[in-house]
> 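Submitted below is the structure of interest, expressed as structure tokens.
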Amino acid sequence: MSATLKGTAKKFLWDHSAFRCCYLLCLFLSSLCFVELGFQILTGVVMAWSVLILIDTFRNLYPGKNLKYFGLLSAFIASGLVTAFLHGEDNLGLNLVMMYHVTVCFFIVYGMHAERDKEKVRREMFFMAKILAFLIITFAVAGMLVALVFTRVKAFSYCIGLMDNRFTGLYTNPNIAAYVSVVGLVCIHLLYGKAGEGSSSQKPLPRWFLNIGIVVNVLTVFLSDSNASMVFLMVYGTAFLFTRMYRKNSSCRGKVLVRKTAVMLLVALVAAVGCFALREASQLGMAKTINALHQSNSVSVSSDASTSASQVLVTIGRDGNYEISSGRLDSLQKAMVLYQKNPIMGIGKGNILEYGNRYLARGFQFFDLHNGYLTILISCGTVGLGLFLVFAVLAARKVAKTVFRRFSQRGERELVILFSSLCAYAVYALFERALLFDITFMVVSFWMLFGYTMNEVFAEEPFLCPVTVRSRMKRTKEPAGALPALTRRTGNDII
């Protein structure tokens with residue numbers, strides 16, 4: 001019995017899929033109030049586990065041959081390490097940890113498409129979509145109930161329910177709550193009509209539960225008043241509709257395609273305006289509901305009308321006096337001052353705040369630049385951003401070619417959904433702590449989506465062993481035309 005348990009534990013420790021699932025879930029649960037610190041510690045333990053997975057990646061998956069754009073990613077990591085050592089007197093340890101996180105995102109998470117068993121990765125995608133959808137919907141409903149019953153609950157420096165007239169639910173920040181909800185909507189979209197395919201152990205979530213999830217997640221985006229997540233939602237919907245339209249009308253003549261594109265643009269514009277109108281109506285309606293509930297409760301306890309009236313001052317949404325960029329323009333201007341001091345190699349992510357206090361008359365207003373591309377530019381300089389953008393453009397080109405040229409093949413629906421989510425995230429990263437230099441759910445979820453997308457794109461490509469067919473046949477005296485045997489399969493299916 002102990003030998004069996006030991007063998008199972010050993011397989012689990014070397015399982016890439018198990019690592020990715022645990023890593024993402026730990027980061028996700030680190031976004032929750034009251035349990036944040038505990039799961040941050042657990043995330044550190046899982047990061048230590050990643051050492052084994054990286055060793056197995058380079059030993060058995062041959063990323064130089066099977067991981068697409070391996071050279072560009074390696075060059076980016078090398079440039080980041082050079083930057084860290086150039087500024088070694090300042091936060092060297094933090095910068096090295098950040099570059100290790102980048103390595104994990106590149107070679108384990110994005111690099112999942114290099115694995116031999118692509119069907120296993122596909123099962124992992126649906127498994128994670130189901131787990132995340134269930135948790136996100138459950139937490140969203142619980143957060144709504146807290147806001148309705150208690151308005152807000154403050155304890156241990158946390159606030160759940162409403163935070164500064166914005167809905168935060170059970171999460172540590174309204175922007176995090178909104179982003180989690182848009183990820184939840186993507187997961188629900190993946191699961192609609194597709195969850196539960198294959199093994200009986202993967203029972204689909206009930207359709208009524210997914211429908212509730214759509215409502216509460218859209219409400220969360222509206223009530224959190226997060227402009228960035230609103231943009232994500234609108235770009236995602238627009239990209240999905242345009243992609244489906246072009247795929248269905250690829251054989252149409254140019255004039256017909258232009259006319260349909262114009263109609264689709266008009267629909268997208270009307271939908272965008274409608275989203276903002278719905279957000280305002282949702283915020284007003286929720287505020288009135290909360291006020292009505294608490295007013296009725298206070299009246300039942302006390303007959304003093306003036307006392308009850310003073311207790312119903314709940315409003316949701318920021319007023320019109322706030323700065324539309326929420327300080328992002330200020331951060332951009334100050335970041336460019338730092339860029340001018342180190343334009344080629346950058347200063348390292350761990351030095352942004354410290355150098356801001358050192359070289360600027362007034363330091364940064366926030367602890368992050370809230371722009372993923374700008375963060376890479378300041379952290380790794382022109383060299384780092386250039387390498388990253390070349391990789392991004394080449395990968396985007398490959399994905400787009402596959403999306404618009406593959407028809408009537410398994411996985412085409414999922415590929416369109418994943419492609420649309422990446423398009424939305426690319427725009428979202430202009431306004432939030434996204435893309436790379438942050439050990440958070442917001443960052444790693446992007447690389448998970450990217451990895452699943454690339455797995456679908458390269459699902460039909462063979463796993464390349466470094467031993468050539470000819471040398472393999474010569475060594476083993478296999479007959480002409482025989483294929484080389486695959487190396488051992490690593491990992492154990494947990495899904």
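Computed from a predicted structure; not experimentally measured.
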> List the steps and the verdict of ring pair (Phe, Tyr, Trp, His ring centres under 6.0 Å) for Y428 and Y179.
CA-CA 10 Å; Y428 174 82; Y179 175 76; 5.2 Å; yes
> Set out, in order, the CA-CA distance, both residues' side-chain angles and the distance that settles side-chain contact (heavy atoms from CB on, under 4.5 Å) for C21 and F127, then state yes or no.
CA-CA 9 Å; C21 294; F127 175 78; 4.1 Å; yes
> With distance as the sole test, does S224 use its side chain to make a donor-acceptor pair with the main-chain N or O of V221 at under 3.5 Å?
yes
> Is the shortest heavy-atom distance from the side chain of I417 to the side chain of L190 under 4.5 Å?
yes
> Does a donor on one side chain sit under 3.5 Å from an acceptor on the other, for R433 and N175?
no
> Classify the side-chain pair N95/H87 by whether it contains a donor and acceptor separated by less than 3.5 Å.
no
> Taking the six-membered ring for Trp, are F134 and F209 closer than 6.0 Å centroid to centroid?
yes
> D56 side chain to L52 main-chain N or O, any donor-acceptor pair under 3.5 Å?
no
> Please test F107 against F58 for ring pair (Phe, Tyr, Trp, His ring centres under 6.0 Å), starting from the C-alpha separation and ending with a verdict.
CA-CA 9 Å; F107 296 145; F58 283 90; 5.4 Å; yes
> Look at the aromatic rings of Y236 and F232 and report parallel, tilted or perpendicular, splitting at 30° and 60°.
parallel
> What's the separation between atom CE in M125 and atom CG in L191, rounded to the nearest 0.5 Å?
9.5 Å
> Rounded to the nearest 0.5 Å, what's the gap from CE on M112 to CG on L61? Could you check?
12.0 Å
> Name the orientation class of the two ring planes belonging to Y23 and F19 (parallel below 30°, tilted from 30 to 60°, perpendicular beyond 60°).
parallel
> Judged by atom type as modelled, is there a donor-acceptor pair below 3.5 Å linking the side chain of Y69 to the main-chain atoms of L394?
yes
> Surrounding CZ of F150 (heavy atoms of other residues, nucleotides or ligands, distance under 6.0 Å), is the total greater than 12?
no
> Mind listing the closest non-hydrogen atom pair of C159 and L162 along with its distance?
SG-O, 3.3 Å
> Over all heavy atoms of both residues, which pair between L94 and G350 is shortest? Give the atoms and the distance, please.
CD2-CA, 3.6 Å
> Rounded to the nearest 0.5 Å, what separation is found between the NZ atom of K398 and the CE atom of M454?
8.0 Å
> Do you know which two heavy atoms are closest between E36 and S30, and how far apart they sit?
CG-O, 3.1 Å
> Determine whether a donor-acceptor pair (N or O, by modelled atom type, separation under 3.5 Å) exists between the side chain of T238 and the backbone of V235.
no
> Within the structure provided, determine whether M99 and T83 are in side-chain contact (heavy-atom separation under 4.5 Å).
no
> Just wondering, do P174 and D225 contact through their side chains at under 4.5 Å, heavy atoms?
no
> With the side chain counted from C-beta on, respond yes when Y192 and R207 share a heavy-atom pair under 4.5 Å apart, and no when they do not.
yes
> As an exercise, state the distance from CZ of F441 to CG of L25, rounded to the nearest 0.5 Å.
8.5 Å
> Side chains of R166 and N173: any donor to acceptor distance under 3.5 Å?
no
> When you compare the side chains of Y452 and E414, does any donor N or O come within less than 3.5 Å of an acceptor on the partner?
no
> Decide yes or no for V443 and L435: does some side-chain heavy atom of the first lie under 4.5 Å from some side-chain heavy atom of the second?
no
> Between F391 and F106, what is the ring plane arrangement, given parallel below 30°, perpendicular above 60°, and tilted in between?
tilted
> With a 4.5 Å cut-off on side-chain heavy atoms, are E124 and E119 touching?
no
> Could you walk me through whether R152 and I160 satisfy the side-chain contact (heavy atoms from CB on, under 4.5 Å) test, starting with their C-alpha distance in whole Å, then the side-chain angles of each, then the deciding distance to 0.1 Å, before giving a yes or no?
CA-CA 6 Å; R152 58 179 57 86; I160 60 176; over 6 Å; no
> Determine whether a donor-acceptor pair (N or O, by modelled atom type, separation under 3.5 Å) exists between the side chain of H189 and the backbone of G184.
no
> Tell me, do Y100 and L54 make a side-chain contact under 4.5 Å, heavy atoms counted?
yes
> How about N91 and N351: does a side-chain donor come under 3.5 Å of a side-chain acceptor?
yes
> Answer yes or no: is there a donor N or O on one side and an acceptor on the other, between the side chain of Y373 and the main chain of A426, under 3.5 Å?
yes
> Okay, side chain of N455, backbone of K118: is any donor-acceptor separation there less than 3.5 Å?
yes
> Determine, using ring centers only, whether F39 and F28 are less than 6.0 Å apart.
no
> Step by step, work out the side-chain contact (heavy atoms from CB on, under 4.5 Å) result for F431 and H370.
CA-CA 5 Å; F431 311 105; H370 284 78; over 6 Å; no
> Minimum heavy-atom separation for L27 to I439, with atom names?
CD2-O, 3.6 Å
> Short question: side chain of Q283, backbone of F222 - any donor-acceptor pair under 3.5 Å?
yes
> Roughly how far, to the nearest 0.5 Å, is the CD1 atom of I137 from the CG atom of N211?
9.5 Å
> State, to 0.1 Å, how close A239 and T243 come at their nearest heavy-atom pair, and which atoms those are.
O-OG1, 2.6 Å
> Going by heavy atoms in the side chains, are S50 and I108 under 4.5 Å from each other?
yes
> Is it true that, when you exclude Q40 itself, more than 12 heavy atoms of the residues, nucleotides or ligands shown sit nearer than 6.0 Å to its CD?
yes
> Looking at every non-hydrogen atom in both residues, tell me the closest pair between G213 and I188 and how far apart they are.
C-CD1, 3.7 Å
> What do the steps show when you test W49 against F12 for ring pair (Phe, Tyr, Trp, His ring centres under 6.0 Å), and what is the final call?
CA-CA 11 Å; W49 175 14; F12 182 83; 5.3 Å; yes
> Using a strict 4.0 Å threshold on nitrogen-to-oxygen distance, state whether R20 and E115 make a salt bridge.
yes
> Check whether the ring centres of H101 and F437 lie less than 6.0 Å apart, and answer yes or no.
no
> Mind checking the CG-CG spacing from L135 to L29? Nearest 0.5 Å is all I need.
6.5 Å
> Applying side-chain contact (heavy atoms from CB on, under 4.5 Å), run through I376 and F76 and close with a yes or a no.
CA-CA 11 Å; I376 295 176; F76 179 89; 4.0 Å; yes
